[in-house]
> 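Input: one structure, supplied below.
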Amino acid sequence: MDNSELISRARCVLRLNDMGEFTRPSPRQYPHQWNWDSAFIALGLSHFDLPRALAEVRTLLRAQWRDGMVPHIIYPTGASDYFPPPDFWRTENLPHAGAIPSSGLTQPPILATVVRAMSGPTHTAQRDFLQEVFPRLLAWHRWFHTTRDADGTGLPCLIHPWESGMDNSPLWAGALDRITPINLPPFSRRDTIHVAPDERPLAPDYERFVYLIDCGRRLRWEPRALLEQMPFLVQDVLFCSILHRADQDLRMLAVKLGQDTYEIDGWLARTHEVFDTRFWDDERGLYLDYDVRAQAPIRANANVTFAPLFAGLASPEQAARLVVEHLDNLVEYAPGADSQFRLPSVAKNERGYSPRRYWCGPVWIQMNWIIAGGLRRYGFAAQADALVRDSLALMAQSDFREYYDPRDGSGCGATDFCWSAALALEMAASPDSSPHPGELKS
Ligand code: DGY
């Protein structure tokens with residue numbers, strides 16, 4: 001497929017999944033609206049249908065909870081054959097929940113970054129739209145920095161692996177191992193009907209996902225109780241980097257709208273202050289996730305370690321170590337005898353690496369986009385170009401799949417997958433641009 005074919009096929013995938021008010025991530029596997037999927041989808045749509053892109057964002061934010069959370073799955077059209085169905089979450093009639101049926105969890109807040117990119121130099125400023133969505137984005141970010149702050153750092157805690165977006169990553173293995181899923185509510189998995197079981201989470205992981213939903217609904221999704229009692233409580237490098245970057249983009253939107261930036265400046269300063277202490281491992285030259293319940297770093301090497309570059313949170317020295325010691329390292333992430341395509345989601349020499357199993361090793365296009373943007377911000381243009389080139393090659397070779405086997409580039413998971421298509425449009429339009437890079441840490 002050449003670039004123009006790829007672009008027209010990508011548009012078709014976004015149209016195929018257009019449900020009118022929202023875009024489902026893929027036809028059978030994910031028939032509802034997902035939070036960060038919708039944000040990436042809006043970015044893709046903005047390349048050829050800006051009004052539809054803005055509608056995607058509006059539908060997502062319409063589901064915002066009264067306390068500020070924007071949920072991870074939204075069911076605007078009710079139940080389907082997807083598990084969990086809307087009533088499984090027991091979020092209806094909670095005083096702090098929203099008006100649209102939804103899950104009780106959230107997802108990585110890439111939305112402010114997308115909204116800023118859509119109102120950037122390539123598109124006409126949408127002042128009314130910005131005025132409408134800005135207060136909602138601000139409320140969501142405030143919710144992360146306060147309601148999900150368990151330790152005074154302002155770094156949000158995640159209460160379920162689904163909130164990270166990286167459901168069965170080896171990052172969560174230790175925390176999930178400590179959980180015994182007792183008295184599970186009756187359920188039957190639907191995710192292995194349309195996707196091969198060996199590309200999906202293993203049964204013990206999935207049981208723990210369901211167990212954690214049950215814990216949340218018993219606590220009536222009450223934020224304080226969740227922080228105090230959920231058996232899974234972590235701080236994730238990718239999530240916190242996306243939030244910090246989104247705080248920067250939200251600040252730019254505030255400036256554009258003539259709004260006060262005092263509160264956002266406070267979040268930015270606080271994250272800068274605590275990020276290294278919480279996540280940086282100077283001995284290994286890696287950013288490591290943190291298990292808040294165990295009060296210990298999570299020692300797994302996953303590609304989230306490169307995400308702080310996207311947020312300008314690394315010093316030039318830290319960035320150089322990440323690139324030289326890890327990204328370009330044949331044993332960990334660089335293509336070599338055992339892999340052809342960048343970037344495995346988990347280091348190839350990491351325990352738990354499994355090149356076709358969901359978040360245990362496959363290449364994800366949105367991770368490549370985030371990491372390429374970060375590399376470019378730090379001047380690693382060759383490495384960023386390689387990530388974009390590999391992403392476009394994977395999609396040309398294996399179509400718009402949910403994830404790809406880094407060994408041979410074969411497609412895995414859901415088919416006609418929207419965020420891959422959306423980011424193909426973004427990468428093909430501006431292969432060498434990171435949207436609005438900002439300051440770096442000195
Ligand atoms: C799933 O159903 O596997 C999703 O990742 C939940 O968000």
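Counting starts at 1 for both ligands and their atoms, in listed order.
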> Decide whether a cation-pi geometry holds between Arg200 and Tyr358; the criteria are a distance under 6.0 Å from NZ or CZ to the six-membered ring centre and an angle within 45° of the ring axis.
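The answer is yes; both the distance and angle limits are met.
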
> Any idea which protein heavy atom is nearest atom 4 (C) of ligand 1, and the distance to it?
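Residue, atom and distance for the closest contact: Asp167 OD2, 3.6 Å.
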
> Considering only heavy atoms of Tyr358, which atoms of ligand 1 have at least one such atom less than 4.0 Å away?
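Ligand 1 atoms under the 4.0 Å threshold to Tyr358: 3 (O), 5 (O).
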
> Could you tell me the residue and atom name of the protein heavy atom closest to atom 7 (O) of ligand 1, and the distance to it rounded to 0.1 Å?
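Residue, atom and distance for the closest contact: His72 NE2, 2.9 Å.
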
> Heavy atoms only: which of Trp359, Tyr82, Phe83, Trp34 lies closest to atom 1 (C) of ligand 1?
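Looking at heavy atoms only, Tyr82 sits closest to atom 1 (C) of ligand 1.
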
> Against the six-membered ring of Tyr206, is Arg189 placed for a cation-pi contact (under 6.0 Å from the centre, within 45° of the normal)?
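Yes; both conditions hold, so Arg189 lies above the ring face of Tyr206.
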
> Looking at Arg90 and Asp87, is there a salt bridge between them, counting it only when a charged N and a carboxylate O are closer than 4.0 Å?
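Arg90 and Asp87: not salt-bridged.
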
> May I ask you to say whether Arg11 pairs ionically with Asp49, meaning some side-chain N is under 4.0 Å from a carboxylate O?
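Result for this pair is no, no salt bridge flagged.
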
> Taking the basic N atoms (NZ, or NE/NH1/NH2) and the acidic carboxylate oxygens, is any pair closer than 4.0 Å for Arg178 and Asp291?
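A salt bridge is present here (some side-chain N lies under 4.0 Å from a carboxylate O).
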
> Just heavy atoms, cut-off under 4.0 Å: does Arg200 contact ligand 1 by side chain, backbone, both, or neither?
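Arg200 to ligand 1: side-chain contact only, backbone stays beyond 4.0 Å.
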
